[in-house]
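Read the structure below first, then the notes.
Keep in mind that this is a model prediction, so the values were computed, not measured.
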Amino acid sequence: MSAHDIRSATRPDPDQPLVDIANYVADYRIDSQEAYDTARYMLLDSLACSALAMKFPDCVKHLGPVVPGATLAGGVRVPFTSHELDPVQGAFAIGTQIRYLDFNDTWLAAEWGHPSDNLGAILAVADYLSRKAEKDGGKPLTVRDVLGYAIKAHEIQGCYALKNSFNRVGQDHVILVRLASTAVTTAMLGGSKDQITTAVSHSWIDNGALRTYRHAPNTGPRKSWAAGDACRRAVTHAINAVYRNVVGYPSALSAKTWGYYDVAFKGNAFEFERPFGSYVMENVLFKISFPAEFHAQTAVECAMKLHAQVGSRIDEIEKIVIETQEAGVRIIDKTGPLANYADRDHCIQYMVAVPLIFGRLTADDYNDDVAADPRIDALRDKMTVVENPQFTKDYFDPEKRYIGNSVQVFFKDGSSSEKVSIDYPIGHRKRRAEGIPVLLKKFESALRAEWPAERVEKVLAVTESAETLDAMPIHEFMTLFTA
């Protein structure tokens, strides 16, 4: 009988997307030096984000065990804390740290997301396995191993995002974090291709979290720990597949009526622009200068350039015109009262107003004390956000992947500022030479804000050499960052 006959209990062959992921994770050899070099910077950048997040009590409260006392001696270390956790909760904690300030790497296409979110699961499982190997006399994973798994997680999440818009059906992009992390951590645990396929099928059966917490009028801090939650679920699926040999669901995507396509994707099958390789890591976008939703990164940079002309004339402004991409209009064009930190860092008007007034945009600028400055909302009320079709076109061009914005300020006396336009931010692949020193400075500054100089110098000495870093057992690397 046909697999589409809902009366038939004949188990079909696994859906091809499940098989393709399993084959890629198990068999593909990464030969790209650029991908490994970029992954190394991504790791340091993510740890910088973790350090910066420790200044925020709302993040720190999420980082311990699920309930007080549920620790695991010799378990996963959570950077910049003394926690030792099981790998499931460790994945949540590390993923939450990395993502909390919206300052880690980004991928923009039909779907948006932050591929380094997967490090929550990858680092937790790697640390757990390496500590266990050390205890049992086995061979620990190295940093190089972790970079390879990260490249594959980036690739899975990013390649799905190129042509498949989960936001269009109301689902949050962390569904792809769960997918990628499930596949990769199953392999890390020693899973076979069949077990990877099984784990991935469970990931799809979970369906997806709604984007409710990312959009007005419900924007809230769940968006800062949603990726950690996806990492936690991914490690659960991996453990179930490998250690408990659970049954898989081969047509989890395509099953008529009950599969993911019919239930959640309007009956459409996934589309793919390219086969899996190392494209995503090579082209990933770093958030280096500003902790801001990425569609606004160049808008913030435009506003910073205009501050010298505008900062002393805030009261004279009549209107401000922001041109952005279609995605920027849809995601972060926001009017009315902003209720919290999470509301503000997803509002392009807020992210432009602060640098126009103060000549800066830091994580602290989303806090209530800064937001209380009446000039910010007064400027927001004078802003118009419109789509620039060329910015949208360049955004989707696979040879560009631009994230363009422009800002122009008009004054009551009839004069205006120049129209400042920037096609792509400093974290773009086309600005790597300019951006990497800034990324390394971000890493160093984040460490110095947490630790005394002697400890920072010890970490910098290890991380400045690619060869030394790559060869380091991952549990020793994680120990460098524990409190």
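If you check the side chains of Glu301 and Ser289, you find no donor sitting under 3.5 Å from an acceptor. With no hydrogens or angles considered, a side-chain donor-acceptor pair links Tyr213 and Asp172 at under 3.5 Å. Between the side chains of Asp117 and His173, not a single donor N or O lies within less than 3.5 Å of an accepting N or O. Defined by atom type and a distance below 3.5 Å, a donor-acceptor pair is missing between the side-chain atoms of Asn218 and Thr212.
Within the 4.5 Å cutoff, no side-chain heavy atoms of Val407 are placed close to those of Val420. Looking only at side-chain heavy atoms (C-beta outward), Gln157 and Val280 stay at 4.5 Å or farther from each other. Between His307 and Pro355, the closest side-chain pair of non-hydrogen atoms is not below 4.5 Å.
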Verify side-chain hydrogen bond (donor to acceptor under 3.5 Å, both in side chains) between Arg131 and Thr479, making sure each step is shown before the conclusion.
-> CA-CA 11 Å; Arg131 292 182 191 283; Thr479 299; 3.2 Å; yes
Start with the C-alpha distance between Leu119 and Gln97, add both sets of side-chain angles, then the distance that settles side-chain contact (heavy atoms from CB on, under 4.5 Å), and finish with yes or no.
-> CA-CA 10 Å; Leu119 276 183; Gln97 278 185 319; over 6 Å; no
Could you walk me through whether Asn118 and Ser181 pass the side-chain hydrogen bond (donor to acceptor under 3.5 Å, both in side chains) test, one step at a time?
-> CA-CA 6 Å; Asn118 292 289; Ser181 288; 2.7 Å; yes
Apply salt bridge (charged side-chain N to carboxylate O under 4.0 Å, His left out) to the pair Arg99 and Asp102, showing each step before the final yes or no.
-> CA-CA 6 Å; Arg99 186 75 197 97; Asp102 202 354; 3.0 Å; yes
Show the numbers, then the answer: is there a side-chain contact (heavy atoms from CB on, under 4.5 Å) between Trp451 and Val459?
-> CA-CA 11 Å; Trp451 293 333; Val459 173; 3.7 Å; yes
Run the numbers on Arg432 and Asp37 for salt bridge (charged side-chain N to carboxylate O under 4.0 Å, His left out), then give the verdict.
-> CA-CA 11 Å; Arg432 281 283 191 264; Asp37 290 343; over 6 Å; no
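Counting only distance, with no hydrogens or angles, the side chain of Thr236 and the backbone of Arg232 share a donor-acceptor pair below 3.5 Å. A donor-acceptor pair is defined here as one N or O able to donate and one able to accept, closer than 3.5 Å; such a pair exists between the side chain of Lys442 and the backbone of Lys287. Side chain of Arg455 to main chain of Leu480: a donor-acceptor pair is present (N/O by atom type, distance under 3.5 Å, no hydrogens or angles). Between the Glu293 side chain and the Cys347 main chain, no donor and acceptor come within less than 3.5 Å of each other. Not one N or O on the side chain of Thr182 forms a donor-acceptor pair closer than 3.5 Å with the backbone of Val200. No donor-acceptor pair under 3.5 Å is formed between the side chain of Thr185 and the backbone N or O of Val235. Listed for the Asp373 side chain is no donor-acceptor partner under 3.5 Å among the backbone atoms of Val370. When atom types are taken as modelled, the side chain of Lys334 and the backbone of Ala216 share no donor-acceptor pair closer than 3.5 angstrom. A side-chain donor-acceptor contact under 3.5 Å links Glu111 to the backbone of Asn167. Distance alone, capped at 3.5 Å, is enough to place a donor-acceptor pair between the Asp86 side chain and the Val88 backbone.
Between Lys223 and Asp345 there is a salt bridge, since a side-chain N of the basic residue sits under 4.0 Å from a carboxylate O of the acidic one. In summary, Arg144 and Glu467 do not engage in a salt bridge, as defined by a charged side-chain N under 4.0 Å from a carboxylate O.
Between Tyr260 atom OH and Asp206 atom CG the span is 11.0 Å, to the nearest 0.5 Å. Between the CG atom of Leu47 and the CD1 atom of Ile98 there is a distance of 6.5 Å, given to the nearest 0.5 Å. With rounding to the nearest 0.5 Å, the separation of CG in Leu141 from CZ in Phe477 is 13.5 Å. Atom CD of Gln349 is separated from atom CG of Asp377 by 10.5 Å, given to the nearest 0.5 angstrom. Put simply, CG on Leu44 and CE on Met42 are 9.0 Å apart, with the number rounded to the nearest 0.5 Å. Note that the CD1 atom of Ile175 and the OG atom of Ser203 stand 7.0 Å from one another [nearest 0.5 Å].
The minimum heavy-atom distance between Ala124 and Gly90, with the atom names listed, is CB-C, 3.8 Å. Heavy atoms only, all atoms of each residue included: Phe391 and Ser406 are closest at CE1-N, 3.7 Å. Shown here for Ala264 and Asn207, the closest heavy-atom pair between the two residues is CB-OD1, 3.4 Å. The two atoms that bring Thr142 and Ala471 nearest to each other are CG2-O, 3.8 Å, heavy atoms only. Minimum heavy-atom separation, Asn405 to Ala296: ND2-CA, 4.2 Å. When every heavy atom of Ala93 is checked against every heavy atom of Leu85, the shortest pair comes out as CB-CD1, 4.2 Å.
At most 12 heavy atoms of other shown residues, nucleotides or ligands fall within 6.0 angstrom of atom CG in Asp315. Within 6.0 Å of NZ in Lys319 there are 12 or fewer heavy atoms belonging to other residues, nucleotides or ligands.
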Tell me which donor-acceptor pairs under 3.5 Å the side chains of residues 356-363 have, and how far apart each pair is, sequence neighbours excluded?
residue	atom	partner	partner atom	Å
Arg360	NE	Asp365	OD1	2.9
Arg360	NE	Asp365	OD2	3.1
Arg360	NH2	Asp365	OD1	2.9
Thr362	OG1	Asp364	N	3.4
Thr362	OG1	Asp365	OD2	3.3

For residues 56-81, which side-chain donor-acceptor pairs fall under 3.5 Å, sequence neighbours excluded?
residue	atom	partner	partner atom	Å
Thr81	OG1	Val78	O	2.8
Thr81	OG1	His83	N	3.1

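The distance between the ring centers of Tyr395 and His295 falls below 6.0 angstrom.
For the pair Arg401 and Tyr424, the cation does not sit on the ring face, since its NZ or CZ is not both under 6.0 Å from the ring centre and inside 45° of the axis.
Tested against Phe286, the residues Asp45, Thr106, Ile426 include a single side chain to side chain contact (heavy atoms under 4.5 Å, CB included) partner, Asp45.
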